[in-house]
Structures are given as structure tokens and as C-alpha cells.
Amino acid sequence: MFGTVRRFAASQVLRAAAPRSVSARSIPQLQKWQSPLSLSSVVATRSLHSSFPRLSAVSAEAVEDVLESSRPAAPTGEFAQLATDNIIDGSLIKNIIQPDRMGLKTMTEVQFLTLNEIVKGDDILAQAKTGTGKTLAFLLPTLQNILNDPSVDPKTFARRARTGPSEIRALIISPTRELAEQIAVEARKLAFGTGLIVQTAVGGTQKRAGLAKIQREGCHLLIGTPGRLKDILSDPWTGVSAPKLNTLILDEADRLLDQGFSAEIEEIQALLPNPAEVDRQTLMFSATVPREVMQMVRKTLKRDFKHVNTVREDEVPTHERIPQKLVYLRGLENGLPAVLELAQKYQERAESENLRPFKAIVYFNSTAETKISAEAFSSLANSREFRMSPLGNVKMIEINSRLTQQARTRSADNFRRAREAILFSSDVTARGMDFPDVTHVIQVGVPREYETYIHRLGRTGRAGKEGEGWIFIHKGEHETYRKRLGRLPIKGDSPTNPTLLTAGADMSQPQSPDTPEGQIITQIQEALASVPADLKVSSYMGQLGTATSSFSYKGEAIQALNQLSSIGYGMATPPYLSPRLVQQMGLRGVTGVSVGDRPRESFSRGGDRDGFSRGGDRGFSRGGDRGFSRGGRGGRGGSRGESRGDFLFGDRNRGDREGFSRGGDRGDRGGFSRGGNRGSFRPSGRERYSDPSFKEGGSFDF
DNA sequence: CACGCAC
């Protein structure tokens, strides 16, 4: 599928300074490198919503016709041609095409479509699907532009002369540290032998050492995360400034321009030379550009910026060939058993059907949940039984922002290299990370944003490879799911023939030791039992915010969390919520809420060794301590037995598993039908498949 | 209370 013309809202199209648009289909002759845009640059006009009428200065229909007929057979050009045509330096191209280097031959669509624009010096917003080579798309022409800069003499590069901390020509900002490092690795491969110096500036590393390296080696291209970049650029003592900066690149631009980052991005921009004095090109790249950030995009880019879009508006914004499946969980406690069952079932048939080994990322909406899940699966993987199973070689790896940077880097490297592994991850890896051969992306719970889903899913199916996407949600999250993700081609599970038996199992009941699903559930319950009690509390607390906002009813969220803590975690009572928190979250009077002071012992033992001592102010800019306890937990199992008497599973006779929801009439599945027509746990087939957001057809090859 | 982002 090829790119299409970018549509601007009708009101914008009619503005005099409306940005031009570029598309693959607007470039009929791929050989015409010198001026492909002059051939067919199109002022594209279509509304952001395809239901809007098309408006155009020229006939939109005519444009579409021309574009259709000129659609090229291949989207790309050869990298080698760029050197032949003298567009890109031979050393850069050599680094790309040599088999023992990057080994690439042909440009991807986004690379092809942005190259001339960037070399020309225009501001652009480039939108392309995940895994289609956006990084190289901005690195290659940007490095070329530095080489083209007459104030930078290539001959001196080899001797590393005339490079210094003030020679920075381009700055790349990334929303996460790992992504910044990954971009730097690619940039250094590309720059090999050119004399161009690539440096990084990210948090969690020694600031002084990084600065010394920049002072010593110089820097033409600096890649970093917002906090550290702002730090070193605003600190006059660092000696690092960018008086000659010509290029600013925002990778994952929509993320960097959203609420959590935009203020810092603006502060960094204010630290750069005045664009009126030093001409500056700004480039933005992302797979997603939600409507809400377009205003920020316009504010940041020059008025005549170009929007290069390789995502057809009328197609799903991610690979259609990546099958995606929704599984309903009976309770939140069914999530981890379902993950294990999915892994087992795939791996059991992997060998006979010659499938790639299981390499999955499991995404959670809270850090504590990634940690408790990784702990449980790690302890599970230590058992002899597990090691003898088909999953015996699967490594369990955790990554989230509360690990030390050293541990984060190690986790990312281990997962990158692993053949068979499960990465339990927060959204720290959701964007841009390129882990080879990820077979499964599993999302537990409804992601906080539509875009989050797209980027997480994009960790699989990269570079033309296959993959599967799964999302596990509680039925109480159904409405939020529909609103947020309902437009995606996610296939619902069969109500009569469910894919994952553990997803729908009643975990409050004793499990049969004779069925695979019973064994899985028991394994998970026992593994969770050995997890330190404070981690269970943290996990509960960490899910409070997301659950109460993704469930349609707060009471149902509390009920589900309480059931998770008892049936899933084996806790005797759910954690207490302070009156203040209850007030803040609007939980006053909600059934099942345990109001009170947090049990001191949950936190006194072990303190914040997990990095989860709460109550701190986590905001960087607010001067608070984030509660990070560097150094991590050391080895596993150091504090076993902490879950002591709170472990209920020895008792198979307990009649009331809900325990703490007493007083509510919702002990069983009560309350779920309270909304009126919201139906039973599994929506009926008619409900599901008559809904346009549930697409039938296509085989989901489980 | 909820991703990530500096000391």
C-alpha cells in the first residue's frame, strides 16, 4: 500500500500559507531525484475526516485520478542511486548499502518522500507507519546537510579538527532514553568514516562524564531526552551550547508536543540560537499525529512546512497484515494466566509448524504491574517443571522507568539479543524501539490513549516481518475500549470457542490439577504468592488511577481490583486508601473501598527498595524526589515470606472469595448489568459482530 | 494514583 496525499482540514486548505503536501503517488518518476517534487507536487486537499467533502484549489477528483494512474510499481529508489546522482555523500551511502554494515538497498517510502525536502531545508512533519524506517529518513539527509555546510570542512573531520562542544549542527530529541541511544547507534553507523561526531545526552547517566566526552571529542549531532538536554543547554558551566544549530528534530513528535513534554520542548527551543539569526530547519516524525497536537505542530514549524504522509487516511494506521485479537478477562486476576496460556499454546506448536520462537512484549499501564508480573513469571521460570516445558528457554525480562538506567539498558539489550523472551514493559518501550523478531505484542488493560495502542503494536511486524497483537481487557472496560480502539480491525474472540481458557476461568474456585488451564492458574497464583507484599500493594495502588478511569463504573473498578488482590495476589485484605486519596479520586461512598491509613508494615519492611515508596512528588520540575532507590532489589527472593499470612490459597474452602467487598451485593458478577443493557460477561455474538468495530473475517492464526 | 522526562 502506498502513501497518499495528505489532507488538511478544509479551512486550512484555503489559507494562503497552507502547507504543501507530498506523497508517494505524487512522484511518478522515481529516477528523477533532482527535482521529483516539481513534477507533481500537489496541494492536496481532503478533510481530516474522510466523511468531509473534498475541497481543492484544483479539482480534487482530477488530482486523485492522476495520482492513481501514476502510482509507481515500487515505492522506493535505490540508495546507491543517491550517490551516483551526487545527492548524498558516498561514504554515507556505503555505510548503508554494504552488506557488512547496514546492508540496505532500497529506500522505504518515508525515506524517499522526505529526503529531498530535508536536503532542501524545508520544515516538515512526516507521518509514516511504525517500523518503516523513519529514523534513517531523518538521519541520512541531516548528516548530508552537515556535510554540505561550508562552515564545516569535511577534510578536517578525519583529524577531528574544528569540532568542539559549540559545533553542534543538529539536535534530535526523543521521549525516552533508550530510543535516544538507539538513534545514536544508527547515527554512528551511518556516520562511520565521515568524521561526523555523534553524542548523546540522556538522564540516568553521569552528566559530568557525558560533558567531558563532548568536550574532548566534539559534537556535530547531539541526541538526547528533554530533561538532560534542557539541563546541559541551560547550565552555562557545561560549556555546551549550540550557536550554529541548523536542524532540530523531534522524533515521536506528537508525544513531545503533548501535555507532559511540550513545556520542556519550548524551553529547549528557547535555549537554541534565535532562528532569525541562525536559520533553523525543524523536522517532526511520528507514526501518529492526533488532531489535538496539530496546533502545536503549526506553532513550532515554519508556516510553509510540508506534511509528508505515507499513511492512507482510509486505512488503519498500522499494518493490516498484523492480526489483532481482543480477549475478555473474567477478572483482572485472569490476565497473567492468559499471558502464560498464550505463550504455552504458541510455543507448543512453534516447532511442528516451524514458527519463530516466542518473543513477546507484554505492556501494562502501570510500572508496578510490570514489576509484579515480571517477578511472578521469573519465579515461575525458576521451577524445574517450567524449565522442562516448551517455555523452558524463555527469558523473563522487566523494563520500566523505575529501574536504574544500567538495569534498563541491560534489559533492553538482553531482550534485543534474546531468541525466546517475554519483556514485561511499561510504555518506556512503546515508541520507536526496534527489537528484532518480536512475535507478539500483548496489551493488558485498555491503553491510556489510542496512539499508545498503535505504537505498542508497532513493536511487532517491523521491516516486513509478521507478528500478532493481543489485548486483554476486563469486561468493565468495554465501553472505554470501544470508544478508544473501536475503529481498529481488532477481532473479537469467539464467545463459544474462546481462544484462551484461562481468561474466562473462575479463579475463586479450586483449580483442577488435571487440566492445562487449571495448572496454569495454580502456577500463577503460587508464583504471585511468593511476591513481596509491598509489591502487591504497589500494584494495587498503581492500577487505581487507570482502572477507575477505564472502567465505566468506579465501583466496578474497585470490585475488580479487590478481587485481583484476593484471588490473584492472595492478600487477606485490599490496601487501605487514605481519606484524602478517596476524596481526590471521587471514591467516597463507593462500595468496596477500604478507607484508612495505609498499613505501615507494608512499607516499613523493605522500604522503597522496589522504588515504589509513594507519597513522593514525582514531577521533575517540581523539585520533588521521585522515590527512586537506585540499586534495585538485588537478587530475587531476598524477601520471600513477606506475604506470609496474607496468602489465602491454602484454603480451598473459603466460601467468600470477595471478602472485602462485603456489604456490596455484587459479590459474584453483580453490578455488571447495573448499567442496564450492558449485558452479561461475554457479549452475545450478535452484539459483537453486528458492531462495525468488530471485524469478522481474515483468519487469525492462533 | 496513572507513561515518560534532570539533579
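Lettering of chains follows the sequences in order, A, B, ..., and the numbering in each one begins at 1.
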> Where do A/E468 and A/K325 land on the salt bridge (charged side-chain N to carboxylate O under 4.0 Å, His left out) test, with the steps shown first?
Replying inline: CA-CA 8 Å; A/E468 300 177 13; A/K325 196 160 188 174; over 6 Å; no

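For A/R431 and B/dC5, the shortest distance from a side-chain N or O to OP1 or OP2 is not below 4.0 Å. Put simply, A/S366 has no side-chain N or O that comes within less than 4.0 Å of OP1 or OP2 on B/dC1. The side chain of A/T367 contributes an N or O atom lying less than 4.0 Å from OP1 or OP2 of B/dC3. For B/dG4, one of the phosphate oxygens OP1 or OP2 lies less than 4.0 angstrom from a side-chain nitrogen or oxygen of A/S401. The side chain of A/T452 places no N or O atom within less than 4.0 Å of a non-bridging phosphate oxygen (OP1 or OP2) of B/dC3. Proximity of A/R580 to the phosphate of B/dC1: no side-chain N or O atom is located under 4.0 Å from OP1 or OP2.
With sequence neighbours excluded, no residue forms a side chain to side chain donor-acceptor pair (under 3.5 Å) with A/Q406.
The distance from atom CG of A/L577 to atom C1' of B/dC1 is 9 Å, rounded to the nearest whole Å. Residue A/I265 contributes atom CD1, which lies 12 Å from atom C1' of B/dG4 at whole-angstrom precision. For the pair A/N365 CG and B/dG4 P, the interatomic distance rounds to 11 Å; values are reported in whole Å. Atom-to-atom, CG of A/L271 to P of B/dA6 comes out at 15 Å; the value is rounded to the nearest Å. Following rounding to the nearest Å, A/D251 (CG) and B/dG4 (P) show an atom-to-atom distance of 18 Å. Counting to the nearest Å, the C1' atom of B/dC3 and the CZ atom of A/F261 are 9 Å from each other. Atoms OH (A/Y576) and P (B/dC1) sit 17 Å apart, rounded to a whole Å. Per the geometry, CG belonging to A/N400 stands 16 Å off C1' belonging to B/dC1, to the nearest Å.
Aromatic pair A/F551/A/H474: ring centres closer than 6.0 Å.
Across all strands, A/T205 comes closer than 4.0 Å only to sugar-phosphate atoms, never to a base (heavy-atom distances). Among the protein residues, A/G260 comes within range of the nucleic acid bases, having at least one heavy atom under 4.0 Å from a base atom.
Looking at the side chain of A/R408, the nearest of the listed nucleotides B/dA6, B/dC1, B/dC5 is B/dC5. For A/L581, counting side-chain heavy atoms from C-beta on, the closest listed nucleotide (B/dA2, B/dC1, B/dG4) is B/dC1. For A/T546, whose side chain is taken as the heavy atoms from C-beta onward, the closest listed nucleotide among B/dC1, B/dA2, B/dC7 is B/dA2.
With hydrogens and angles ignored, a donor-acceptor pair closer than 3.5 Å exists between the side chain of A/R255 and the base of B/dC3.
Pairs engaging residues 252-261 of chain A under the side chain to side chain donor-acceptor pair (under 3.5 Å) rule: A/E252-A/R431, A/D254-A/S286, A/D254-A/T288, A/D254-A/R431, A/R255-A/D258 [sequence neighbours left out].
Annotation: cation-pi pair A/R487/A/Y450 present, NZ/CZ under 6.0 Å from the ring centroid and within 45° of its normal.
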